[in-house]
Q: 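Questions regarding the structure given below will be posed in turn.
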Amino acid sequence: MYYPSSASFQVGITISLLMIFFNYQNNMIQKDPLTGFKNRQVLERYFDRLITPHLSPLSIIMIDVNKFKRINDEYGYLVGNQALQTTATVLKNYFIQNHPSSDLYRYGGDEFLIIHHSLDEQELKKIKQELTQEFQKLDMPYSLTVSIGYSCGNVYSEETIKKSFKKQIKICISKRIDLFNSFL
């Protein structure tokens, strides 16, 4: 039904609903539906926008669920999804409580990445130790353990930001692999 005096009201409501819908869609695109963490696309856009030098360390923590394929193979994909959700919950709870300004991302299948702008090497070692303890407390029908790699360094210029990030990811991966191999 149309009333001449309500035309602007209807247009306003329509625009408001469209804005809500677009905002909802944007949030859905940026989040991993399984864990609720930001996804890898958001991470890549973040580093594309990160063009200002940082005097504080850029800290990256990479976490990989150990023997995740075995969990999927032995217990099924639903249990594998629950393992990823449990991992995300442990990480979210830990970082909200201890380092609330950290950004949490799902980097790949069973890999998670945390970025923080002011952690030094000692704090990263402490985080690694505390997270390992958090995962040991879990009571699961399977072993849910993680390998943790970390790196931190200062980023002083635009040219080095992406190089620094890529280097830190490689360090995280190599430390995580070394730890995983010693764990096996």
Side-chain angles (χ1 to χ4, degrees), residues 23-50 57-119 123-152 165-166 168-184:
N23 187 36
Y24 174 77
Q25 288 296 320
N26 191 36
N27 285 337
M28 294 302 293
I29 290 169
Q30 294 181 9
K31 286 191 177 181
D32 173 58
L34 186 63
T35 63
F37 283 16
K38 296 173 189 171
N39 63 28
R40 191 169 180 166
Q41 286 180 320
V42 175
L43 176 68
E44 289 171 5
R45 283 194 308 253
Y46 169 76
F47 278 103
D48 286 340
R49 288 189 320 263
L50 185 67
L58 177 63
S59 307
I60 298 173
I61 304 167
M62 184 168 260
I63 297 163
D64 182 68
V65 178
N66 293 333
K67 303 178 185 175
F68 180 69
K69 185 176 178 340
R70 184 182 295 173
I71 294 171
N72 269 340
D73 290 346
E74 289 182 21
Y75 297 94
Y77 288 105
L78 291 177
V79 174
N81 285 345
Q82 289 173 343
L84 291 174
Q85 290 170 328
T86 300
T87 302
T89 300
V90 169
L91 295 175
K92 192 181 306 179
N93 291 342
Y94 176 82
F95 282 98
I96 285 173
Q97 184 177 15
N98 298 301
H99 303 283
S101 61
S102 297
D103 290 320
L104 292 87
Y105 299 90
R106 184 168 177 199
Y107 189 69
D110 63 339
E111 296 175 325
F112 298 88
L113 193 106
I114 292 92
I115 296 176
H116 197 87
H117 286 283
S118 62
L119 299 174
E123 290 171 308
L124 290 169
K125 286 180 182 177
K126 181 181 175 193
I127 289 171
K128 181 177 177 177
Q129 184 178 38
E130 290 173 350
L131 279 175
T132 302
Q133 291 170 356
E134 289 296 317
F135 280 95
Q136 289 172 347
K137 292 178 189 176
L138 295 175
D139 184 27
M140 308 293 280
Y142 48 84
S143 174
L144 184 60
T145 60
V146 295
S147 295
I148 303 170
Y150 61 85
S151 177
C152 69
F165 172 67
K166 288 179 182 177
Q168 286 179 310
I169 292 292
K170 286 179 184 176
I171 290 169
C172 286
I173 290 170
S174 68
K175 283 184 181 180
R176 188 193 67 216
I177 290 171
D178 291 344
L179 178 69
F180 182 69
N181 288 337
S182 66
F183 177 76
L184 290 178

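FYI, side chains are in, hydrogens and waters are out, and symmetry mates aren't considered; it's all heavy atoms of this structure.
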Q: Return the CG to CZ distance between L91 and R106, rounded to the nearest 0.5 Å.
A: 12.0 Å
Q: Not counting sequence neighbours, which residues clear side chain to side chain donor-acceptor pair (under 3.5 Å) with N93? List them please.
A: none
Q: Once you round to the nearest 0.5 Å, how far does CG of N39 lie from OH of Y105?
A: 9.5 Å
Q: Once you round to the nearest 0.5 Å, how far does CG of L84 lie from CG of D110?
A: 6.5 Å
Q: Check F68 against G80 and note the closest heavy-atom contact, atom names and distance.
A: CE1-O, 3.3 Å
Q: Are any non-hydrogen side-chain atoms of L113 and M62 less than 4.5 angstrom apart?
A: yes
Q: Listed by chain and number, what are the side chain to side chain donor-acceptor pair (under 3.5 Å) partners of D73, not counting sequence neighbours?
A: K69
Q: Is there a side-chain contact between K128 and L124 in this structure, where contact means two heavy atoms from C-beta onward sitting under 4.5 Å apart?
A: no
Q: Per the salt bridge (charged side-chain N to carboxylate O under 4.0 Å, His left out) rule, what does the pair list look like for residues 129-140, sequence neighbours excluded?
A: K126-E130, E134-K137
Q: Mind checking side-chain contact (heavy atoms from CB on, under 4.5 Å) for I96 and listing every partner two or more places apart, or none if nothing turns up?
A: K92
Q: What are the two closest non-hydrogen atoms of S102 and L104, and how far apart are they?
A: O-CD1, 3.7 Å
Q: To the nearest 0.5 Å, what is the distance between CD1 on I63 and OG1 on T132?
A: 9.0 Å
Q: Going by heavy atoms in the side chains, are L131 and V146 under 4.5 Å from each other?
A: no
Q: Let me confirm one number: the CD-CD1 distance from Q129 to I148, rounded to the nearest 0.5 Å.
A: 10.5 Å
Q: What pairs of residues pass the ring-ring contact (aromatic ring centres under 6.0 Å, His included) test when at least one of them lies in residues 70-101, not counting sequence neighbours?
A: Y75-Y142, H99-H116
Q: Would you give the length of the straight line joining atom OG1 of T86 to atom CZ of F135, rounded to the nearest 0.5 angstrom?
A: 8.5 Å
Q: Should I115 and L43 count as side-chain neighbours, where that means a heavy-atom distance under 4.5 Å?
A: yes
Q: Please give me the minimum heavy-atom distance between T35 and A88, naming the atom from each residue.
A: CB-CB, 3.7 Å
Q: Taking only residues two or more places apart in sequence, or in another chain, which ones meet Q85 in a side-chain contact (heavy atoms from CB on, under 4.5 Å)?
A: L34, Q82
Q: Can you find a heavy atom in the side chain of V65 that is under 4.5 Å from one in the side chain of F112?
A: yes
Q: Which residues pass the salt bridge (Lys or Arg N to Asp or Glu O under 4.0 Å) test with R40, not counting sequence neighbours?
A: E44
Q: Do S147 and D64 have a side chain donor and acceptor closer than 3.5 Å?
A: no
